[in-house]
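Everything quoted here is computed from the prediction, not taken from an experiment. Protein chains get the first letters and strands the later ones, always in sequence-line order, with residue 1 at the start of each.
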Amino acid sequence: MGTYALPDASGHYGPYGGRFVAETLVPALEELEHAYQEAQRDPEFRAELHSELRQFVGRPNPLYHAGRLSRELGGAQIYLKREDLNHTGAHKINNAVGQALLARRMGKKRVIAETGAGQHGVATATVATRYGMECLVYMGEEDIQRQSSNVFRMRLLGAQVTAVSSGTRTLKDALNEALRDWVTNVESTFYVIGTVAGPHPYPVMVRDFHRVIGDEARAQCLELTGRLPDCLIACVGGGSNAIGLFYPFIEDRAVRMIGVEAGGLGLGTGQHAAPLTTGRPGVLHGNRTYLMEDEDGQILPTHSISAGLDYPGVGPEHAYLKDTGRAEYVAATDEEALAAFHRLCRTEGIIPALESAHALAHAFRLAPTMRSDQTIIVNLSGRGDKDIHTVAALEGIHL
Amino acid sequence: MSRLAGLFAQLRDAGRAALIPFMTAGDPSLTATVPLMHALVAAGADAIELGMPFSDPMADGPSIQRASERALARGVKLRMVLEWVREFRTTNSHTPVILMGYLNPVEAMGITSFAEAAATAGVDGVILVDLTPEEGRGEAVVLRQQGIDPIFLLAPTSGPERVATVRSMGSGFVYYVSLRGITGAAQADWAEVLERVQHLHRQLGLPVAIGFGIRDAATVARVATGADAVVVGSALVDQLAACATDQDAIAAATRFIEPLVQAVRSTERRGA
Ligand SMILES: Cc1ncc(COP(=O)(O)O)c(C=O)c1O
């Protein structure tokens, strides 16, 4: 692979990525790209971002050695990157802070966002109110039902939450609706995309704002174990927590990188959200990437126990990393994720997000096949408080 | 000469703009599409824009979104849309047909297969809303090889560089999106639109169609003073959505479009 320097100038990762949007948005994306490049070069912007991540988000968060869990599994040592300890409870805030600072710098007074699980919506609502901006979050009707506590959190934070009733009424439709809003209000509005998808420059910008996960984990791992990890594992919805962890390790060829998609009811059932493991390349939401689509190129409905993974596409850089073999992609089912959720609660006293539980599920499969002097870093992308209603309901308990 | 070039040459002589209604293929029924196309032509439409339904129409407002959803629920596929165009062509060889949709279904079919099948069916132009000229170089070449015009969009936000790119890559006509927004949105500032289009017309050397937000005869008349074509979409789709039978749909389409035809035919195209 040589020195990794993607995306290219036009936002492509090999055949993936790019900018597939209605003409009205092209100039806005060009403006955003310039503003972002300038901000990146500006020491003041970088200093403010750094300070916000420390003071407001609570970084750096620990790389925690899950000792009891590792002993139980009887193989590799498992380390958890504790993104769940960030303010608002997930990795999403890293990117929300970055984009909101950029929005303020560009003089935008209104921000919009799409959200699935509600974590990105909460993160965006949080930073919007902190920086004094108006905030509107689009959320599928179905997700509003299963993530009602996050809806309430967003409203507490002063955001307006708009229900999306088109299409499958989940994350992909919320993204469509946010794009429609942006086309309409393009001059006043900054669209804070919540994952490494969307048109260029979003995938690269969101990756850059999340690379702090991998940068910290790399240094912490060297400090704690004296060497690099053997393996990185992260769940993949759009792919932002995964790329944030993976990116700083891309040139460390000995470090395995594994993304875990939502296997839903099983890959054979069609009821899942695993475009990298089962899909094929196509164009959706502004970029070319792997998609779950039927033979006519219509996007398929997805299913996952976790709203945050319930998305038929994936960031274009993951598509590239898959094709080149630099990263591997597997799936964990609802049932496996749920088992992993409970296991982490009971061994380490940590309630993980159902999204993150997919990554844990694969770590639980892999660790016993490895030696006890090897290490796996699992990205614990979020905490599970938002999911307790879902888990309780599955057990017939009404909270 | 292509059908589109022929149409615009003829209208330039006549000194008026074209009226191009948009309808979603397969809505309000599978059997209505071809008869509706003929009915629109019989009532005076100069060309037809036929929507290829997509599950995620991100540039469309509720009217066309819902029409797409309904069409897909009826099982509409891209090959059926092309088959309808072929059927239309068996009795109409002069009215240009432009397909409008999104890239992914076309890519799933394969751009070369699509272009060949579309050319065979008698399609004249293709608008892929999410295919920018930068990303669409390859597709534009394949379409043109089959004699199909790749039609690109320009928007109020497009600067001079974008205009130059579209000029170098588009053919047939250029679609000017009249407002910052989605199909069916609120009305644009028409004075501003017409001024911009007058400039564009000179810069592009291609006919310019104006669409988005045009719902009634008065607006058609206003826009027709400074455009080579006027596209009316969501308002027609709304009329059709309310129809229970194909007969009703054909009557509604005819009733809806007649005053719009009147409007383009009685308005002089200025400054062309
Ligand atoms: C805790 C958590 N992890 C992961 C995800 C999935 O997103 P991504 O794949 O972009 O990290 C979400 C999305 O809502 C989330 O809330």
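Of the atoms belonging to B:Pro62, not a single heavy atom falls under 4.5 Å from chain A. Residue B:Leu72 touches chain A through its side chain alone, counting heavy-atom pairs closer than 4.5 Å. Looking at A:Glu293, the atoms closer than 4.5 Å to chain B (heavy atoms on both sides) all sit in the side chain, from C-beta outward. Looking at A:Leu300, there are no atoms closer than 4.5 Å to chain B (heavy atoms on both sides), in backbone or side chain.
Not a single donor-acceptor pair under 3.5 Å links the side chain of B:Ser55 to the backbone N or O of A:Gln298.
The CG atom of A:Asp296 sits 13.0 Å away from the CE atom of B:Met52 when rounded to the nearest 0.5 Å. With rounding to the nearest 0.5 Å, the separation of CG in B:Leu179 from OG1 in A:Thr24 is 8.0 Å.
A salt bridge links A:Arg288 with B:Glu107; the closest basic N to acidic carboxylate O contact falls under 4.0 Å.
Taking the side chain as every heavy atom from C-beta outward, A:Phe20 and B:Leu131 approach each other to under 4.5 Å. B:Tyr102 is not listed as a side-chain neighbour of A:Leu284, based on a closest heavy-atom distance of 4.5 Å or more. Using a 4.5 Å heavy-atom threshold, the side chains of B:Arg162 and A:Glu23 count as touching.
Below 4.5 Å, heavy atoms of chain B meet heavy atoms from A:Asp173, A:Asn176, A:Glu177, A:Leu179, A:Arg180, A:Val183, A:Thr184, A:Val186, A:Glu187, all part of residues 173-189 of chain A.
Between chain A and the options B:Pro133, B:Ala59, B:Gly181, the largest number of non-hydrogen pairs under 4.5 Å is found for B:Gly181.
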